[in-house]
Every structure is written in structure tokens, then in C-alpha cells.
Amino acid sequence: MISFLILISTVVCFSAILALALNFQWGLGGMVNFGMAGLYALGTYSCALLMLKGGANTFFATLGAMAIVAAACGVIALVTLRVTEEDYFAIVTLGVGEMLRLVALNEDWLTKGALGLTGIPRPLGDVIAPEYYQYFLLGLSVALLAGTVWFLNVIARSPFGRIMRALREDDVVAATLGKHVLWARVRIFAIGGAIIGLAGSLHGFYYQYIDPTQFSNIVIAYAFMAVIAGGRGAHQGVIWGAAVVMVLLEGSRFMKDLIPVLDSDQLAAIRIIIIGIGLILLLVFRPQGFMREYRLQVNFK
Amino acid sequence: MLQTAFNGLVTGIIVTLPALAVTLLFGVLKFPNFAVGSMMTLAAYLVFALNVQLGWPLVISTAVVAVAFGGLLIAIDYVTFKPLRERGSITLMVASLGLGFVLENIARLAYGNTARSFAIELARPFRFLDIRMNREQMITIVVSTLAMLAMYFLLTRMPIGRAMRAVADNPALALVRGIESPRIIRWTWFIAGMLLAVGGVLIGMDRALEPPMGSSYLVAVFAAAILGGLGSPLGAFIGALVIGIVSELATLVIPPNYRIGIPLCVIALILIFRPQGLFGQPYIRK
Amino acid sequence: MSDILVIKELHAGYGEGDILKGIDITLPAGRVVTIIGPNGSGKSTLLKTLAGLLLARRGDIVLKEQSLRDLSPPRRVRAGLSYVPQEYNIFRNLTVLENLKIAREFMADRKMRGGTAISDELIELFPELPGKFKARAGNLSGGQRQMLAFACALTVHPEVLMLDEPSAGLSPKYMTDIFDTVKKVNARGVSVLMVEQNAIEALRISDTCVVMANGHVRLTALANQVLEMKDLHSLYLGDAKEEAVAS
């Protein structure tokens, strides 16, 4: 039981980091990322491949993964520079995410396709004894989560963050600054991408085995649910949201014991149906509405 | 080359009906509906149930499901999108994503992941002008063309179609011109439901029935709708043909698995050079 | 004489704070009332609220003894109140003929749904339109668009016609045409409530002039009395200055 709690806490940590990335891109930049799943896969695969094929150590592989996802996000934001309509942006990110997953599935020489990659090294994996490793990984995940929150708070309070908030709330300022706004969007989306890369690397360290099925679009639903359930766009809220969502999800795996007639495909389908309905119910019954929630709240002290 | 172009034309034609549904839904409701892929899947499985399990002819099964599915979408709209109507397009997009998960997995829950096909006897492909075509392709071309003509008639000759175009063009003006938008929204869902049901059956005939069959077309469908200028029905039709032919021709150069990359590049190019699409007008939000 | 449209203590606005802070205006049957006032005085907001695009927070709107307050915009049209917005007042992707047909097709009254939208009367009022029936409305010139929007609002045979700055951005020729048309329409029994910047032209065809500023009615007077005032310009520009100083 303790061991289960530790594992689930680790999952909550990297899911929360992923949700924070979404919250940041959406909250500060107003850019909704529907390509979350593919970009998350990009981060995980980049980190794993840098180690397995590139011979990098875990630290540099993580940095590399962050840089790669950041670059991918930067390109997405650049391509859509002229389009400030959120609808088009959503469609582009959805398409890019889909494309990235196809690469993971089809480039056998690189990603071993549907078989997936095994034996992903872990940070200090050969130094720490296996029976203590889960404690170390949890500690590392908590530290990285805390670091992410700290970093996002610094950005939100920086002059850059303040300008972005002013832009978002005042169309006149936005129109006056024009080009700067567009570049700021690129930067925000890329920073969010780096955080996705970090979450993806942790995902690889945790599972040590990755395959394309881990990155279906349902990942987007998790992230959105965490952000919405957390509400108000506050960092703590998003972390709590991620915790609740992941505990429910992991908990629902025990359904198998309750309803033995269903096979595993059907159980998986039921879980996803529940997630989908949950997402819609959250949207409908959150009385605050959506627009307020996504604003990043920062307390100036 | 000619054969590839023909195959591309058929692929494009398959995309026309869902692209038209997307463009109508976007025009009237002002958000991109990511559930259209799964809607096609579910409709195709419903037709499968009537056609294979009850043994009805495919044509009748499709007709029955098309009408019922239109009604089903009105009901779904009532419980999912209607309460969110005033909340902005992001909320609606996220809801449509969630709805997509639900619909696709209802199909998976009922029929599993195994590929299935409709009960139609196999026919020998025939040749025409050096192009090899099979009966499914012929059916696709004929059915889609008829559906497009019906849509053209509806949108230009019938009051409800004109009203749909009017709401898409300028929702606020439609209100003060006396057009009840809830009624138009219901009609739009109904018509989109019929288009998606027929589209789902055509996809199921072209390949096989699998839970992800509809969503795998999602990017191509949106590329077609954007290329045509979201909200422009004629544009969606031409956009779909262009996307189909270009992606199929591109498989001469790139691996077929990445066919989806072509619509994506098309979207990127349009967004960079002509954000309003080839035929579109910049639209007005409320 | 009976009042066809009565606006009582009307409050409305966007977000927090009201733009209309208690408006009282009456439109006698068969008359033309023109509202003038500086930018930001709430004139357009008033028409939008009357049309139902904006919710009235307080007060009432009464058309022929029937309160419109809780009616949706389409129902207000059916009740007899037709509105021509200042901008985006035609469906650009529809043809001229489709624009003209569309309003009547959704009237609850079966009698009105039948028959032709394009009466001889309408053609007489807008002689330029028949030649353009097949054209996409978005391709019309500014003046023609305004005429089309005007004509569309008349196809439903309204009791009261509301025009939001019908002459804005038009050439002098069309401006004269528009005001002539307003006069002709009024002569056929349609009461008109109009917001206008070109005060002098508009007041020549009006019975009553209402001056609005800062969300209030500042003055209600006979149009010809206002026209006789030498300092007509200062009447509303003066208010604008006053507001600029105040804000």
C-alpha cells in the first residue's frame, strides 16, 4: 500500500507538471494546446533516445528533451503567428500532435514502433539500490514540480509576465505593441514546451518502458481536467486538480476486480467514457465559467 | 500517376461530406467540433448493427441511421454544447474533445477493437480509361455527388438552408432579421448528423470498421474545411478534393503512413499566406 | 394621438456599469424621431437594447401596449419592430435577393410568409436593387448596401423602423437618397426612430429631436425648433466638450 501511494504520488507529480505547462500556455499566452499528447510523446521519446541511441546521461537527455519540445512548440507558434484566432491554433496543435504520434508509431528504426522502447535508464539508477529507488524518484519528482512552480511564478511576476497580462486584458495595448505580442506568444509557447519535455522525461524514468499507446489523446483530457478541476488557474489548484484526476484514474484500474465479466479492452473503453463524461460535466457544472479560470492568478506581496 | 490521382480523388470525395458537416457546424456554432471523427465512427457502427446483425440491406440501414443520427446529435447538443454556448469557443472545443472520447469508446465497448466490415458481396474491380476502380469507389463517388447536390439545393433554394448561411455569415444580424437561432442550430445538427452518418459508412466501406476510423480523418477533414475557408460550403467541397488528390499524389514521394502530414502542411501554408482560406471571407463573431 | 413606442426608465450596459442610465422616449404613431448626441452618449446602445441584442436591466419597452422587455430579438421583429444596424447590416455571402427574402421566411404569420418579399412598393422605394438581385451582397457599394439593409428591414412590414446612422460613410448623393427614402417610408405609415450624426439633414425630415449625452436624455424638442437654433452644432458638440473635461 505504501509502495502504491509512493508510485501514485510520483505519477501525480509529473502529471501536475504537464498540467502546469498547459495552464501556462493557455493562461498566460491564451494559446490552447490540443497537441499535448504528441508533444508529451516527443519529450519522452527524445529523452529516451538521447540516452539509448545518443549515449547522453539522464541529466543532459532531459535538458535535450526540453530543448526539442520547446523548439517544436516555438515552430508551431511561429507558423500560426498571423492567426490569433484560437480555433485555428487549436486545430494546428491537434494536427501536429497527431503527426508526432504517427512518427513514434511508424519509424521502427528509431522508436521500435508499436513495440516501444525498453530499458530506459534512470537518474542515478546504478548508484541507488532498487528497493530505495522509488523513494528517490518521488523525491526527484517533487523537487522538479516545486522547481517548475517556482519558475512559473518568477515568470509571472517578471516584467515580461506583467506585460503579457496587460496584453491579455487590454486590446488597445495589444494592438499598439503588435509584433512584440506575437514574439511573446512564441516564447510562452516554447517555455511551456520545455516544461512538457520535462514531464515527458520523468514519464520515461518512471515507466522505463514507453510505447505509442501511452500517448493517446486521452492525455489531453487528463491535462484539461486537471486544469479545469483545479480551477482559477492558480498553480496549487492545478496540482490538486492533477492529484484528484490521477488518483481517480489509477483507482479506476481496480474496477477490473469488481466487474470480472468485462475484458481489458472494454474496461479501458469504460474508463475513457467516464473521463469524457467527467470532462463535459466539469465544463457544464463549473459555475465560475471557463474564462475566469484560465487567468493566471498571482499574488503580489 | 493517373491511377494515383483517381485514388486521391476518391479519398478527397470521402472527405467532402464530413468537411461540409464541419464547415456547417463551425459556421452556425462558431467552434471547431473535434468530435466529428468519432461521430462518424459511431454512426458507421450503428449501420453495421442494422446491416450485419439484423441483416438489413446497407442502403436502408444507412438511410435509417442517417435520420436517427441527426436526431441523436440534436439530443447530444442539448446536453453537452447547449449549456456551454455562451462560454467561448475553447470551452466548446474541449467539450467536443471529451464527447469524441465518449462516442468512440461506446463503439469500442460494444464491438471491441477488431476490424469489421459491412455485409456487401465482393465485386470485381473494373477498368475504365486505364483506371482501375472498384465498386466501393463508384458508390463513394455517386453517393457523395448526390449528397453534395442535395446540400447545394438545401443551402441555396430552401429557407432553412439560406437561414443557416445567414447565421453563419452574421449571427447578430440573423437575430434582428427575425431568424430564431435555436431552430437553425437544431437543423444544422440534424443535417450534419446525416452527412456524418453517410460519411462514416463510406469510410467503413473504403477501409474497415474500427473504433479510430473516424478520428483518423479528423486532420484531413479540418484541412479541407480550412482550405475552403471555414464556414463556406462550396469551399469545403473543393478543399476536400484538393486535399485528397494532393495527399494521394504525395504518397509517391513520402511514406503513405505520413499522409496526414500533407493536410497539416496545407493548414500551415494557408494560415501563413491566406488565413481566410481560398474561398472564405473573414467571418464575424457575435 | 397615440404613442406607438414608449421607452420607460431604460437602463442597459455591458459588463459593470450602465451605458443607458434611465432613458425615456416616446414615439408617436406615424412620426419620425431623431436622436442626436456626441459619440459615446449611448445612442447605438439604445437601439441595440430596443432590438433585443442587449438586455434591458431596468425599465420597459412598450410597443403598441405590448411589453417587449422579455422578448427575444426575432420575436420583437414579429411584434413589429425592425432594426437596421449601422455596420454589418447585410449578409455579405448571400445574394441581394436572398437577403431580401430571408426575413419574411421566418415570420410566424403564414400570410406574410407567402407571397413575394419584393412588393412593387419596395421596388419603387429602392429602384437600384432589382438590377442587382443576383449579385453577392458583399460586392455592393456602400450606398447600395445601406439601401439593401433598409429594404430588408421593410420586407417584414414593421410598425416601427429603427435606423442606426443610415447616412454614415455615404456619398452626398446617397445621403440625400436615404433621407428621401426615410421620408417616403414614413409617409406610408411607418413610424421611424433614427440615430444620426448628420443632424441638420436628419432633422429636416423629423418631427421630434431627442438629444442624448452620457446615457441620459438631455433634451426633447420639436425638430424644426431645434433646426432654428443658430448654435445647433454647439448643442451637441458642446456636450462632447463638457464630457471630455468631465472624464
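The sequence lines fix the lettering, A, B, ..., with proteins before strands; numbering per chain opens at 1.
- With chain B as partner, the option from Leu105(A), Ile220(A), Leu102(A) having the largest number of non-hydrogen pairs under 4.5 angstrom is Leu102(A).
- Here Ile90(B) contributes atom CD1 and Phe89(A) contributes atom CZ; the two are 10.5 Å apart, rounded to the nearest 0.5 Å.
- Between Val102(B) and Ile273(A), the shortest heavy-atom contact is CG2-O, 3.6 Å.
- Annotation: side chain of Tyr88(A) is not in contact with side chain of Ile267(B) (no heavy-atom distance under 4.5 Å).
- Going from atom OG of Ser215(B) over to atom CD of Glu98(A) covers 7.5 Å, rounded to the nearest 0.5 Å.
- Listed by chain and residue number, Tyr111(B) satisfy the ring pair (Phe, Tyr, Trp, His ring centres under 6.0 Å) test with Tyr45(B) (two or more places apart in sequence, or in another chain).
- Residues forming a side-chain hydrogen bond (donor to acceptor under 3.5 Å, both in side chains) with Asn113(B) (at least two apart in sequence, or on another chain): Asp265(A), Arg108(B).
- Interface remark: Phe34(B) contributes side-chain atoms only to the contact with chain A (heavy atom separation under 4.5 Å).
- Taking chain B as the reference chain and counting heavy-atom pairs below 4.5 Å, the highest number among Ala221(A), Ala268(A), Gly276(A), Gly278(A) is found for Gly276(A).
- At a 4.5 Å heavy-atom cutoff, the contact between Leu99(B) and chain A is made by backbone and side-chain atoms alike.
- Of the atoms belonging to Ile106(B), heavy atoms from both backbone and side chain fall under 4.5 Å from chain A.
- The two atoms that bring Val79(B) and Val284(A) nearest to each other are O-CG2, 4.4 Å, heavy atoms only.
- Remark: of the listed residues Ile272(A), Ile274(A), Ile280(A), Ile277(A), Ile272(A) is the sole one forming a side-chain contact (heavy atoms from CB on, under 4.5 Å) with Phe101(B).
- Shown here for Ile226(B) and Ile91(A), the closest heavy-atom pair between the two residues is CD1-CD1, 3.9 Å.
- The distance from atom CD1 of Ile270(A) to atom CG of Asn105(B), rounded to the nearest 0.5 Å, is 10.0 Å.
- Comparing Ile218(A), Val96(A), Ile275(A) by heavy-atom pairs within less than 4.5 Å of chain B, the highest count is held by Ile218(A).
- Contacts between Val32(A) and chain B at a heavy-atom distance below 4.5 Å involve the side chain alone, from C-beta outward.
- Between Ala269(A) and Leu109(B), the shortest heavy-atom distance links the atoms CB-N, 4.0 Å.
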